[in-house]
Amino acid sequence: MNQQDVKKESDPHLVQEELSDQELVRLEKWKKLKEKGIDVFPHRAEQTHSVFEVVREFFSLSPEELEDKHYQVKVPGRIIAIRKMGRATFFHLADFRDRVQVYLREDLIGKENYELFDLFDIGDVIQVEGRLFRTRTGELTILAEKMTFLAKSFHPLPEKWHGLQDIELRYRRRYLDLIMNPESGETFRIRSEIIRKMRQYFDERGFIEVETPMMHVMPGGALARPFKTFHQALGINLYLRIAPELYLKRLVVGGMEKVYEINRSFRNEGVDSQHNPEFTMLEFYQAYIDYNQLMEMTEDLFLVLAKEIHGREELQYGDNVISFRKPWARLKFKEAILKYSGLASDRLDDEKEMIELAATLTTDKKPVTYAKSLDVIFDKLVKEKIIQPTFIINPPREISPLAKANRQNPAEADRFELMMAGMELANAFSELTDPFEQRQRFEEQAAMRNTGDEESHLVDLDYVEALEYGLPPTGGEGIGIDRLTMIFTNQKSIREVILFPLLKPR
RNA sequence: GGCCCGUUAGCUCAACAGGUAGAGCAGCGGACUCUUAAUCCGCGGGUUGAAGGUUCGAGUCCUUCACGGGUCACCA
């Protein structure tokens, strides 16, 4: 603490030291309220309704009904607009989901109380007690009899008409975004509903929800660079999980035949409109099924979500309408490349040519194997062109080290990636259950790692040992909740569906 | 990390080609007892993201830096 801080300690001051005239005015009002003995930060408030509940319950009642019944309410909320007209004032009180008008009359609450309202500002959280009526223009309104402070607001709110537009400020001060921009609140309400409905979906089908470690001694379950940290007391390096996969399959070994985790995972990669360093997945595993059954489940799940949340089977996303009607397109990985890249099939089979082509598409790490080259080509030339929900099935086994190989073509995996709107939404496969093969796959990965591929898997012998006890045939899938929310809320950036996306400190 | 764009009053935005920074909302004072982007009259509010440079003069031109957005790279 420097001297300046010490000097100011006796006198309350705001975090921001240089105050605007408006902030000084608010501080003055607060002092006046204190002088009057008014507690602007009380411990609790009684309420009969939230703003949202008032609107929901009384919205459809006629002026006469409201007049007859004399509905008395106590409603907390934030003042978001004031219209003063001499000895009468209208203002709007808002909560997270709605707003309701309040009417204030000097002749009803008395001169002294009416003048006290001059010390109320837009942004203050208050409680209004009064009875409901309709104005001449028909708006449901609370005729105020009593008003109490619940929290004084010391900063002016953003502009009422345009809201908060500055994208950076919207992320850094999400609370302001939520106060000012109802559509932002709606996005996060839908996100919450997606997660709730997903839970319900899996719970109803007999799944158990679990939580597995987020701190891993050895990161695994995906091909990605991890965040590294250190445990002081144990003196060991730890990694933030890149996926819960290997732990969840250990649980299937343990008899949890249907298991899921809504998990936050962390990947130390770039940040863009489809990637945040921490992101949320739903990962689920079901014993005795394979990836074909997972495709059916996935179609069903998305369709249920669309119908229950939006009441529709297709959703507008940007310029496209995305339809979840079954069945969805299924395209083999190589066929998808043929279809969308324009490459001829004899060239696609020319391993050398594909490795060279892939090298021209990426500047960083050069793909050295045929399988990795195809993966790059898919990413660069195909992915963005797939708009409607499409299962891309049977990608190369080499880039799927945790999936069973396909029996007809062992170079391919019994796996699919679900693409839509140019994004990967889900990734699923028939889990590799043979401990000998798993160990061999890990060793292949480790060999690639030694050639400088940081994202390859490590040899996780502890996991292989679990497989040695017997993992039944199992289908497993991960669904990106953030991206799913983007589709369901028509947002182009992942930062719009994460309350506090990672930003550099100011 | 590369490239492009942005950063001006609390907020939303102006300022032609370098010539002493404006408006609306919000705020303050006044009028107004059914307004709803209330209205009317008046007033205050700025280190133009930061630091250098060019110039008689920089919000504007140049350099560097910070943060954000877009895009490419990496990735889901």
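Because only heavy atoms are used, hydrogens play no part in the values below, and waters and symmetry mates are left out as well, while side chains stay in. Within every chain, numbering begins at 1; the chains are lettered A, B, ... in the order of the sequence lines, protein sequences first and strands thereafter.
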Where along residues 482-495 of chain A does a heavy atom fall under 4.0 Å from RNA chain B?
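Only A:Arg483, A:Arg495 qualify.
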When you compare the side chains of [X] and [Y], does any donor N or O come within less than 3.5 Å of an acceptor on the partner?
{"X": "A:Lys249", "Y": "A:Tyr463", "value": "yes"}
{"X": "A:Gln101", "Y": "A:Thr141", "value": "yes"}
{"X": "A:Glu496", "Y": "A:Tyr171", "value": "yes"}
{"X": "A:Asp124", "Y": "A:Ser153", "value": "no"}
{"X": "A:Thr298", "Y": "A:Glu477", "value": "yes"}
{"X": "A:His162", "Y": "A:Gln165", "value": "no"}
{"X": "A:Glu112", "Y": "A:Tyr114", "value": "no"}

Which of these nucleotides, B:C34, B:A26, B:U12, is closest to any side-chain atom of A:Phe90?
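For A:Phe90, the side-chain atoms sit closest to B:C34.
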Nearest to the side chain of A:Tyr171, which nucleotide is it out of B:U71, B:A76, B:G69?
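Nucleotide nearest to A:Tyr171's side chain: B:G69.
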Once you round it to whole Å, what is the distance between P of B:A26 and CD1 of A:Ile80?
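It works out to 13 Å between those atoms.
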Categorize A:Gly163 for me: base, sugar-phosphate, or nothing, with a 4.0 angstrom heavy-atom threshold over every strand shown.
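Contact class for A:Gly163: sugar-phosphate only.
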Within the 4.0 Å heavy-atom criterion, would you say A:Asn268 contacts the bases, only the backbone, or no part of the nucleic acid?
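It contacts nothing in the nucleic acid.
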Distance-only donor-acceptor test, A:Arg87 side-chain atoms vs B:U33 base atoms, 3.5 Å:
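Result: no qualifying N/O pair found.
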Is any N or O donor-acceptor pair between the side chain of A:Glu139 and the base of B:U35 shorter than 3.5 Å?
no
Within 6.0 Å of NZ in A:Lys228, more than 12 heavy atoms from elsewhere
no
Quick check: are there more than 12 heavy atoms from other residues, nucleotides or ligands sitting under 6.0 Å from CZ of A:Arg131?
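Above 12, so yes.
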Please list, pair by pair, any protein nitrogen or oxygen found under 3.5 Å from a nitrogen or oxygen in nucleotides 28-31 of chain B.
unit_1, atom_1, unit_2, atom_2, d
B:C28, OP1, A:Lys29, NZ, 2.6

Of A:Gln165 and A:Ala224, the one whose closest RNA chain B nucleotide lies more 5'
A:Gln165
Expressed in whole Å, how much space separates the [atom1] atoms belonging to [N] and [M]?
{"N": "B:U60", "M": "B:C72", "atom1": "C1'", "answer": "30 Å"}
{"N": "B:G6", "M": "B:U20", "atom1": "C1'", "answer": "26 Å"}
{"N": "B:G22", "M": "B:G59", "atom1": "C1'", "answer": "12 Å"}

Name the orientation class of the two ring planes belonging to A:Phe284 and A:Phe202 (parallel below 30°, tilted from 30 to 60°, perpendicular beyond 60°).
tilted
Taking the six-membered ring for Trp, are A:Tyr291 and A:Phe429 closer than 6.0 Å centroid to centroid?
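No, the ring centres sit 6.0 Å or more apart.
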For the ring pair A:Phe58 and A:Tyr71, is the centre-to-centre distance below 6.0 Å?
yes
Which residues share a side chain to side chain contact (heavy atoms under 4.5 Å, CB included) with A:Leu150, sequence neighbours left out
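Per chain and number, A:Leu150 pairs via side chain to side chain contact (heavy atoms under 4.5 Å, CB included) with A:Pro42, A:Ala45, A:Pro76, A:Val125, A:Gln127.
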Scan nucleotides 40-49 of chain B against the protein and return all N/O pairs shorter than 3.5 Å with their distances rounded to 0.1 Å.
unit_1, atom_1, unit_2, atom_2, d
B:G44, N2, A:Asp21, OD2, 2.7

If you look only at pairs with a residue in residues 370-404 of chain A, which of them pass as a ring-ring contact (aromatic ring centres under 6.0 Å, His included), with sequence neighbours excluded?
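Matches after skipping sequence neighbours: A:Trp328-A:Phe391, A:Phe333-A:Phe378, A:Phe391-A:Phe416.
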Look for any protein N or O under 3.5 Å of an N or O in nucleotides 64-67 of chain B and output each such pair with its distance, or none.
unit_1, atom_1, unit_2, atom_2, d
B:C67, OP2, A:Lys504, NZ, 3.4
B:C67, O3', A:Arg172, NH2, 3.1
B:C67, O2', A:Glu168, OE1, 3.3
B:C67, O2', A:Glu168, OE2, 2.2
B:C67, O2', A:Arg172, NH2, 3.3
B:C67, O2', A:Arg506, NH2, 3.2

